[in-house]
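Take a look at the structure set out below.
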Amino acid sequence: MSSKTGGQWRRADFSRVPYDVFTDPLIYQWENERIFRGPVWNYLCHETELPHVGDFVSTWIGNTRVVVTHARDDSFHAFENSCAHRGAQIVTAVRGNAQRFSCPYHLWTYQLTGELTGVPMAAGVKGKGGMPPCFDKKDHGLTVLAVARFGGLIFGSFSDQAPPLREYLGPHAVAQIERLLVQRKPKVLGYLRQRIPGNWKLYNENVRDPYHGSLLHQFQVSFGLQQPTMKGGIKLDKDLKNTWNHSILSESDKDNQAIVAQAYEGTGKYNPNMRMADPALTQVPLDLGDGYKTTILSIFPSLVVAQVDNTYAIRHLRPKGPDLMELHLTYLGFESDTPEMTHNKLLAANFIGPAGYISLEDGEALRLVQEGVRHRQPGGSEVLEMGGVGPIEDTDYLSQEISIRGFWSFYHRIMGLPGAQVSV
Ligand code: FES
Ligand SMILES: [Fe+2]
């Protein structure tokens, strides 16, 4: 094994993933070059966060600082947050409204589009100094990104090689974004963010992993929100990079305690007699009448749009090195919600986030994986065989890791890593 190759990819169906990819600093550097600055669409923010001309949001794509703006012609723009003069970070506020941006250092001034329009003392002072005649402001704008939008989600790309956004998303993602973000006009209810001492790809695995849903998250099982007997499955886009996981809870799942007890046999983790003193949280009605209890849409490389019970949230992954990531959650309600519906959404928001009754364990699981992987002997691999090996395709069941293998197959391709030898 060599740290220069991202470890050995032993199997062509990606049922083995070398642990190196979670720890190797060189791999992390390549990811920033080949993925985050490569031909992908990176989530930036939601349109409702920039309702007025001049509104801006600071964010990240991989390890690059980016600013998103609402320009005068109502178009949206994104640029690297680093001055074209000598590199200073220009915007330090997380969000705000500005007519233009002046770099604090020498006051070079940029328009909302990233264009350079002001260079103090460009003509010199009292006929001395100043910029040379060949200096043209047009050549020194900020590094701008391609921007595309769908369903209010604003995406940016450093590359001009990314496919059209709808094609990149694929039909299942388009349908889900329409279901969650277009049918009703969203409004932001609030934000939470979380630091997780784990690699950003572990989170991508986690959201593509319904296998753990009814095992790690015992709150869900104990109070009837999720059961191993639930119907559901996954749907993938043609590149296998984006996944839609969904689950449907029926009354018979709640009744079928014998199967649940069997699924947990030997674990000592299941207590069918546990009850909540105040079960209001678990009784929030679902807004949508389509029966889906949980739908998790994961868009490569760093976006999740999730409906968990009656909680709607955009989750943005921000890598902070090989072994650290931040998760930014934007909680959504809808313009048409009654005050009671908003109250219910805020109540249900307790499921998700750093201390969420359901998601609290995910951050800890990632920490444990990172810790375990960091202190292993070199050369090991993950085992991803749940749901079967071989072809990577949609399933109509939840006990599977096939969508994780889909993530890795695309990752392996876009990173240009050495081939896996053994077909399964
Ligand atoms: S570094 Fe920005 S104006 Fe000089
Ligand atoms: Fe989870």
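Positions are given from 1 along the sequence. Just so you know, ligand 1 is whichever comes first in the structure, and atom 1 is the first atom listed for that ligand.
One finds no salt bridge joining Glu382 and Arg16 here, because no Lys/Arg side-chain nitrogen approaches an Asp/Glu carboxylate oxygen to under 4.0 Å. Under 4.0 Å is where a charged nitrogen must lie from a carboxylate oxygen, and between Lys138 and Asp136 at least one such pair does.
Close contacts between ligand 1 and Trp108 involve ligand atoms 3 (S) [criterion: under 4.0 Å to a heavy atom]. For ligand 1, the atoms closer than 4.0 angstrom to any heavy atom of Cys103 are 1 (S), 2 (Fe), 3 (S). Within the listing of ligand 1, atoms 1 (S), 4 (Fe) sit less than 4.0 angstrom from a heavy atom of Tyr105.
Here Asp362 reaches the Fe ion (ligand 2): one of its N/O/S atoms is less than 2.8 Å from the metal. At least one N/O/S atom of Cys83, from backbone or side chain, sits under 2.8 Å from atom 2 (Fe) of ligand 1.
The NE2 atom of His212 and the NE2 atom of His217 meet at the Fe ion (ligand 2) at an angle of about 100°, given to 10°.
Among heteroatoms of the N, O or S kind in His85, ND1 lies nearest atom 4 (Fe) of ligand 1.
Across Ile299, Ile234, Thr295, a single residue satisfies side-chain contact (heavy atoms from CB on, under 4.5 Å) together with Trp244, and that is Thr295.
Lys241 forms a cation-pi arrangement with Phe410, by the criterion of a distance under 6.0 Å to the ring centre and an angle within 45° of the ring axis.
Atom CD of Gln283 sits about 13.5 Å away from atom CG of Asn310, to the nearest 0.5 Å.
Looking only at protein heavy atoms, the nearest one to atom 4 (Fe) of ligand 1 is His106 ND1, 2.0 Å. Arg86 N, 3.5 Å is the protein heavy atom nearest to atom 1 (S) of ligand 1.
In this structure, Phe334 has its ring center under 6.0 Å from that of Tyr312.
A 6.0 Å sphere centred on CZ of Phe150 holds more than 12 heavy atoms belonging to other residues, nucleotides or ligands.
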